[in-house]
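Report on the structure given below.
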There are 4 protein chains.
Amino acid sequence: MSKKQDIMAATLDLIHEEGLQSVTFSKIFKKANVGSGTIYNYFSNKEEIVNAVYKEARMHMGEHLLQGYDPFASLYERFKCLQLNRLTFGILYPKEFLFIDNFSFSPYISPELRNMDDLHNSREVILSLIVEGQKQGIIKEMDSHLCHQLIHGIISSILKGYYVEKYPLNETQIQQILEASWKSILV
Amino acid sequence: MSKKQDIMAATLDLIHEEGLQSVTFSKIFKKANVGSGTIYNYFSNKEEIVNAVYKEARMHMGEHLLQGYDPFASLYERFKCLQLNRLTFGILYPKEFLFIDNFSFSPYISPELRNMDDLHNSREVILSLIVEGQKQGIIKEMDSHLCHQLIHGIISSILKGYYVEKYPLNETQIQQILEASWKSILV
Amino acid sequence: MSKKQDIMAATLDLIHEEGLQSVTFSKIFKKANVGSGTIYNYFSNKEEIVNAVYKEARMHMGEHLLQGYDPFASLYERFKCLQLNRLTFGILYPKEFLFIDNFSFSPYISPELRNMDDLHNSREVILSLIVEGQKQGIIKEMDSHLCHQLIHGIISSILKGYYVEKYPLNETQIQQILEASWKSILV
Amino acid sequence: MSKKQDIMAATLDLIHEEGLQSVTFSKIFKKANVGSGTIYNYFSNKEEIVNAVYKEARMHMGEHLLQGYDPFASLYERFKCLQLNRLTFGILYPKEFLFIDNFSFSPYISPELRNMDDLHNSREVILSLIVEGQKQGIIKEMDSHLCHQLIHGIISSILKGYYVEKYPLNETQIQQILEASWKSILV
DNA sequence: TATGAATGAGGGTTCATTCAT
DNA sequence: TATGAATGAACCCTCATTCAT
């Protein structure tokens, strides 16, 4: 692994373990096993590291969200695929997921970065799926961004409860969540 | 207003404006118009201030959640009341709401504090409402904490989108959200 | 002595002993016997300290230059007074003198500071003395600033040689220098 | 041009532009277009570069000072030649001149280097010229080093005023300066 | 109780120097 | 010889905390 990746991985770990506000350079150096000056060959300050980590996490998530997505499957199947992918990503990569979730609405992340396009533009896929469902009279008429936020928010919230071990997430629960989010937006 | 309250209000403002990681004592002093030593008459360090602000915000929210709650109304009415109260609190007090939401699952807040009882124990009210609905066969059988997190998460997520002005929240949207969250947990 | 004065005195000493380029904050703190943060109660960065020291040294010199100056004395007497005062200042306060001399033409000092008015505006006194002498046909016609620089430069140069102990400066030498600088600008 | 010369030229430029205290290796590397390690093939640290630049500038100046010097010309002619050469050097090579002038009396330059013999030993030429003039009763009796410093100082000072554009230096001014410096040391 | 000058540990960052290529 | 990524000591500066007033 390259030094740059070492630094980013260490930063993500630290944010997850202690929170952004207590991430210091010396902690990053120690965790990444690099000299203190090395970081400045790759980043010009701390904010740049955090932004880079955020960007990478978003790219990583963007990839996952469309895994196994079949554009010709039924509306319901496609919906379930997207929601399951998001949930699975959160289960597999809690550090990335929490970091994205926490900082997407924080003043630390620049608005440009917050609104960056995901890889393969997964947001557009979801939004057009919603619009398609509304045209077919399956999904309730409402602001598509509101609808998107709604189903997205269910997954986020469920994952956060899971992370603090409020409940397990096995096959049963996962099915319940997917159904719940589907039902919430039906007419 | 007392000095202590000045300090807490300034802290909450700063967290909202710049994020916890960039809140410093000198910023708090300036915003609260107190001398730098004054704080130590009330708090022994920064974490204590943040915890106190968190606690107060939770108390404040706890009050709101049960406003106008009628234990003898129908299940649906009671559900809507609780959800609407949460949504309204978020609309009226964005700083408090966001602070609670961001730090409830952050390592900065101690687990004891995270699990503190709300004023009037609003959490218990919601959980028992869920259990009651499940017994009556209205609400789908699932882990009650999962169910709680689900309907709670919808409100949180919707509010965050509203804060960054993804969409407006007027009467129409609010009704859609309440319905969506209700439908999501029906059998 | 106040902390601020301690810091400025230590800075001047260090500049004299090691040169500006090797003056560091930690050296200043140690020499001035103050905590490392104390400086920021008085100055916002290192350049500000150096500028303040420069300004103070200029003020100090400005005072000396006009000591015992009698505006009604003869042209020659007035000239000798000014030149002697400059020379005496350099002998009594080598640190101030050298610092002013070295940095008056260095990029480190801002042009505004370099062109600051001395206390009592000693520069104007000298320039008008030159012009007066030229009108009377005693001093040779030439650009008054050139003439000023000429007599000023003799003193500076002589002092620098004295500082590195090229020669002593007692009564005999001093009289030779005053005469030399006077003769250099006669018609 | 060789890499070594590139490095020295870049160093001199930077000293002139920003002052010694802000010359860093990375600035030298960039300006000289060499890799950061290359310097260590020629110099073992920064002081060595500065000393080398100083030495070279002194050599360069030493050459100029005796240009067109005729040992059989009259005392006055020889004096004027030496003074004019110094002045001309300063006009043609301001960077070298200022660097020499600033650092000749600074703690940064070692005393051995400060007292180095110029090429062709121009200092001895001037000193013996002074002694000769004193023996002939033309030049005033005084310490020969003091006298040397006096006429040298006039040129230095005049040049510094010229560099900051206090006045022009054309034929008229130059003649005035040569005369002034000559008159200053006559009996 | 309220203050703010003083503090120094530790923050982010720079920079001379090394060394594998 | 020439390079530049890597290094860590030392830099400037911030900031939570203390204490005399």
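A, B, ... follow the sequence lines: proteins, then strands. Residue 1 opens every chain.
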Note to self: Quick check for you: among dT7(F), dT18(F), dT17(E), whose closest atom lies nearest to any side-chain atom of Thr38(A)?
What the structure shows: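 Given the options dT7(F), dT18(F), dT17(E), the side chain of Thr38(A) is closest to dT7(F).
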Judged by modelled atom types alone, do Ser2(C) and Tyr42(C) share a side-chain donor-acceptor pair under 3.5 Å?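 Their side chains do not contain a donor-acceptor pair, so the 3.5 Å distance test is not met.
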Rounded to whole Å, please give me the gap between [atom1] in [X] and [atom2] in [N].
X        : N       : atom1 : atom2 : value
Lys3(C)  : dA20(F) : NZ    : C1'   : 13 Å
Lys4(C)  : dA5(E)  : NZ    : P     : 13 Å
Asn41(C) : dA5(E)  : CG    : P     : 6 Å
Ile39(A) : dG12(E) : CD1   : C1'   : 10 Å
Asp6(D)  : dA2(F)  : CG    : C1'   : 13 Å

Side chain to side chain contact (heavy atoms under 4.5 Å, CB included) involving Ala52(B) - partner list, sequence neighbours excluded: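 Once residues adjacent in sequence are excluded, the partners of Ala52(B) under the side chain to side chain contact (heavy atoms under 4.5 Å, CB included) criterion are Met8(B), Phe43(B).
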- Which residues share a side chain to side chain contact (heavy atoms under 4.5 Å, CB included) with Ala57(C), sequence neighbours left out: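 Scan of Ala57(C) (side chain to side chain contact (heavy atoms under 4.5 Å, CB included), adjacent residues dropped) gives Glu96(C), Ile100(C).
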Going by the rule side chain to side chain donor-acceptor pair (under 3.5 Å), which residues pair with Asn45(D) if we only count those two or more places apart in sequence or in a different chain?
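Asn45(D) satisfies side chain to side chain donor-acceptor pair (under 3.5 Å) with no residue once adjacent residues are dropped.
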Sorted by number, residues from residues 42-52 of chain B placing a heavy atom under 4.0 Å from DNA chain F are Asn45(B), Lys46(B)
| Does any residue of residues 16-34 of chain A have a heavy atom under 4.0 Å from DNA chain F, and if so, which ones, in number order? |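 Correct list: Val34(A).
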Could you list the residues that satisfy salt bridge (charged side-chain N to carboxylate O under 4.0 Å, His left out) with Lys55(C), not counting sequence neighbours?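 Partners of Lys55(C) by the salt bridge (charged side-chain N to carboxylate O under 4.0 Å, His left out) criterion come out as none, since no residue qualifies.
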Requested in this report: Hey, which sits more toward the 5' end of DNA chain F by its nearest nucleotide, Gly37(D) or Ser36(A)?
Outcome: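 Checking each residue's closest nucleotide, the 5'-ward one belongs to Gly37(D).
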* Which residue pairs satisfy the salt bridge (charged side-chain N to carboxylate O under 4.0 Å, His left out) criterion with at least one member in residues 25-42 of chain A, sequence neighbours excluded? ->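 Of all non-adjacent pairs touching residues 25-42 of chain A, those that pass salt bridge (charged side-chain N to carboxylate O under 4.0 Å, His left out) are Glu17(A)-Lys31(A), Glu18(A)-Lys27(A).
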Return the set of residues passing ring-ring contact (aromatic ring centres under 6.0 Å, His included) with [X] (not counting sequence neighbours), or none when no residue passes.
X         : result
His16(A)  : none
Phe25(B)  : Phe29(B)
Phe103(B) : Phe99(B)
Phe89(D)  : His60(D), His64(D), Tyr93(D)

The helix from dA2(E)-dT21(F) to dT21(E)-dA2(F): angle between terminal helix axes, five bp per end, to the nearest 10 degrees, reads 0°
*asked:* Do Ile28(C) and Ile7(C) make a side-chain contact, defined as non-hydrogen atoms from C-beta onward lying under 4.5 Å apart?
replied: yes
